Number of protein chains: 2
Amino acid sequence: MRIGDVARRSGVSVRALRYYEEQGLLSPTRSPGGQREYAEDAVDRVRFFQQLYAAGLPSRRIAELLPCVDTGTTTAEQRAMLDAERDRIRKQIDEYTAALARLDEIVVAAADRRV
Amino acid sequence: MRIGDVARRSGVSVRALRYYEEQGLLSPTRSPGGQREYAEDAVDRVRFFQQLYAAGLPSRRIAELLPCVDTGTTTAEQRAMLDAERDRIRKQIDEYTAALARLDEIVVAAADRRV
DNA sequence: GTAGGAGCTACCGTTGACGTCAGGTGCAAG
DNA sequence: CTTGCACCTGACGTCAACGGTAGCTCCTAC
């Protein structure tokens, strides 16, 4: 698969795919002409990246936990990182929930006082 | 209250307070010498900003909904914006939850295969 | 009246995940 | 064999919420 196909199928830009490679998240092979050649699972991997990006993980962290996904094993450091990230995400969810409540308050307070 | 007091009490930097003013979120008066003078409720307002920033609202949105908070009323546009933001936040929470589940999967999968 | 911490404006720097050229190459179709 | 879209490698631009610095002024304490 070439880069444009992966982009269309995964819903990200070509530029993003090159960026992921630059960050060590993807390592496509090259055609004799120098063009990137992606394996079939690249699309799923990209979707996985998007999901983690959406949760606020930076490229570095994603790169660090890719070995865990591929080998199904973890080192002590990786477990610590995973725990820390899970904790961070849980706290983020709490903050989002609190902010949502604040917006709800505003809506409710203004519900019977519309202009 | 001067800017340093507000900073200490609200836990943000002096630089951040000047930035909030630049964005139209705070409008302190000025002393004869040109120094910013903040009302007592400034600290609460700043904490409110922090809460919304944490939920991914940009300064523009916060500035747009400040009138709602201050007057207790909303226009149709403001209600639309509030609904959109609440929707966005709910979706964000879903994405965070999904990502958390993915990380949990990794942890569980590697739980009995530690290195 | 002076020392010096706190404030002031103005401006450049930072970080992350890309967007956006510019200028050149690969490759399948007709 | 040429058209022409897809791809390539740099390299600079973007956006948001500040951080940091320079050079100056204010204000309070002694």
Side-chain angles (χ1 to χ4, degrees), chain A residues 1-39 42-43 45-66 85 88-89 92 95-96 99, chain B residues 1-39 42-43 45-66 85 88-89 92 95-96 99:
Chain A
M1 241 187 324
R2 294 199 299 176
I3 197 167
D5 303 320
V6 180
R8 265 183 302 279
R9 288 218 253 158
S10 61
V12 308
S13 70
V14 166
R15 178 68 178 86
L17 293 175
R18 296 206 187 99
Y19 176 75
Y20 297 162
E21 181 176 358
E22 196 180 313
Q23 299 302 308
L25 302 184
L26 287 175
S27 301
T29 58
R30 297 293 181 128
S31 78
Q35 303 201 348
R36 292 170 178 82
E37 190 60 28
Y38 293 86
V43 175
R45 281 178 89 90
V46 169
R47 294 210 180 105
F48 179 57
F49 299 158
Q50 288 293 108
Q51 205 164 23
L52 296 185
Y53 276 131
L57 274 86
S59 301
R60 260 187 71 93
R61 292 279 168 260
I62 302 180
E64 283 170 20
L65 64 78
L66 271 186
E85 286 299 336
R88 192 188 56 75
I89 294 177
Q92 275 290 317
E95 289 184 20
Y96 271 70
Chain B
M1 240 187 325
R2 294 199 299 176
I3 197 167
D5 303 322
V6 180
R8 265 182 302 280
R9 289 219 253 157
S10 60
V12 307
S13 70
V14 166
R15 179 70 180 82
L17 292 175
R18 297 206 187 100
Y19 175 75
Y20 296 161
E21 181 176 359
E22 196 179 313
Q23 300 300 309
L25 302 184
L26 287 175
S27 301
T29 58
R30 296 293 182 127
S31 77
Q35 304 200 345
R36 292 172 177 80
E37 189 61 28
Y38 292 86
V43 175
R45 282 178 89 91
V46 169
R47 294 210 181 105
F48 179 59
F49 299 158
Q50 288 293 107
Q51 205 163 24
L52 295 185
Y53 276 131
L57 275 85
S59 301
R60 260 188 70 95
R61 293 279 168 261
I62 302 181
E64 283 171 19
L65 65 78
L66 271 186
E85 285 299 335
R88 190 188 57 74
I89 293 176
Q92 273 291 316
E95 289 184 21
Y96 271 69

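Residue numbers begin at 1 in each chain, while the letters A, B, ... track the order of the sequences. Computed from a predicted model, the values in this text were never measured in an experiment.
- Phosphate contact (OP1/OP2 of dA16(D), side-chain N/O of Ser59(B), threshold under 4.0 Å): absent.
- Remark: Arg30(A) is not in phosphate contact with dT25(C), judged by side-chain N or O atoms under 4.0 Å from OP1 or OP2.
- Of the candidates dA6(D), dA17(D), dC18(C), dA6(D) carries the atom nearest the Arg2(A) side chain, counting heavy atoms from C-beta on.
- Atom CD of Gln51(B) and atom C1' of dA17(D) are 18 Å apart (whole Å).
- Distances shown here put a side-chain N or O of Tyr19(B) below 4.0 Å from the OP1 or OP2 atom of dA17(D).
- If you take CD of Glu37(A) and C1' of dA6(D), they are 13 Å apart, rounded to a whole angstrom.
- Atom P of nucleotide dC7(D) and atom CD of Glu21(A) are separated by 14 Å, given to the nearest angstrom.
- Across the interface with DNA chain C, nearest-nucleotide mapping of Gly33(A) and Val14(B) shows Val14(B) to be the residue nearer the 5′ end.
- Counting heavy atoms from C-beta on, the side chains of Leu26(A) and Phe49(A) come closer than 4.5 Å.
- For Arg88(A) and Glu85(A), the salt-bridge test passes: some basic side-chain N is under 4.0 Å from an acidic carboxylate O.
- In this structure, Ser13(B) reaches the dG19(D) phosphate: one of its side-chain N or O atoms is under 4.0 Å from OP1 or OP2.
- Between Ser31(A) and the phosphate of dC27(C), there is a side-chain N or O to OP1/OP2 separation shorter than 4.0 Å.
- Closest approach of Arg2(B) and Tyr38(B) over heavy atoms only: C-CD1, 4.1 Å.
- Rounded to whole Å, the distance from CD on Gln35(B) to P on dC24(D) is 18 Å.
- You'll find that the side chain of Arg15(A) is closest to dG19(C), out of dC18(D), dG26(C), dG19(C).
- Within the 4.5 Å cutoff, no side-chain heavy atoms of Ser59(A) are placed close to those of Tyr20(A).
- Distance, Tyr53(A) OH to dA17(C) P: 5 Å, rounded to whole Å.
- Straight-line distance from the CD atom of Gln23(A) to the C1' atom of dC18(C): 10 Å, rounded to whole Å.
- At a threshold of 4.0 angstrom between heavy atoms, the contacts of Tyr20(B) are confined to the sugar-phosphate backbone, with no base atom among them.
- Listed nucleotides dC8(C), dA16(D), dA17(C) differ in distance to Arg36(B); the shortest reach to its side chain belongs to dC8(C).
- Between Arg60(A) and Glu64(A) there is a side-chain heavy-atom pair separated by less than 4.5 Å.
- Positionally, the nearest nucleotide of DNA chain C for Arg18(B) lies more toward the 5' end than for the other of Arg18(B) and Pro58(A).
- Spacing between atom CD of Glu22(A) and atom P of dA11(D) amounts to 12 Å, rounded to whole angstrom units.
- Residue contacts for Leu17(B): at a heavy-atom cut-off of 4.0 Å it reaches no nucleic acid atom on any strand shown.
- Residue contacts for Arg60(A): at a heavy-atom cut-off of 4.0 Å it reaches no nucleic acid atom on any strand shown.
- One interatomic measurement links the two molecules: CZ of Arg8(A) to C1' of dA6(D), which rounds to 9 Å at whole-angstrom precision.
- Separating the CZ atom in Arg8(B) from the CE atom in Met1(B) is a distance of 11.0 Å, to the nearest 0.5 Å.
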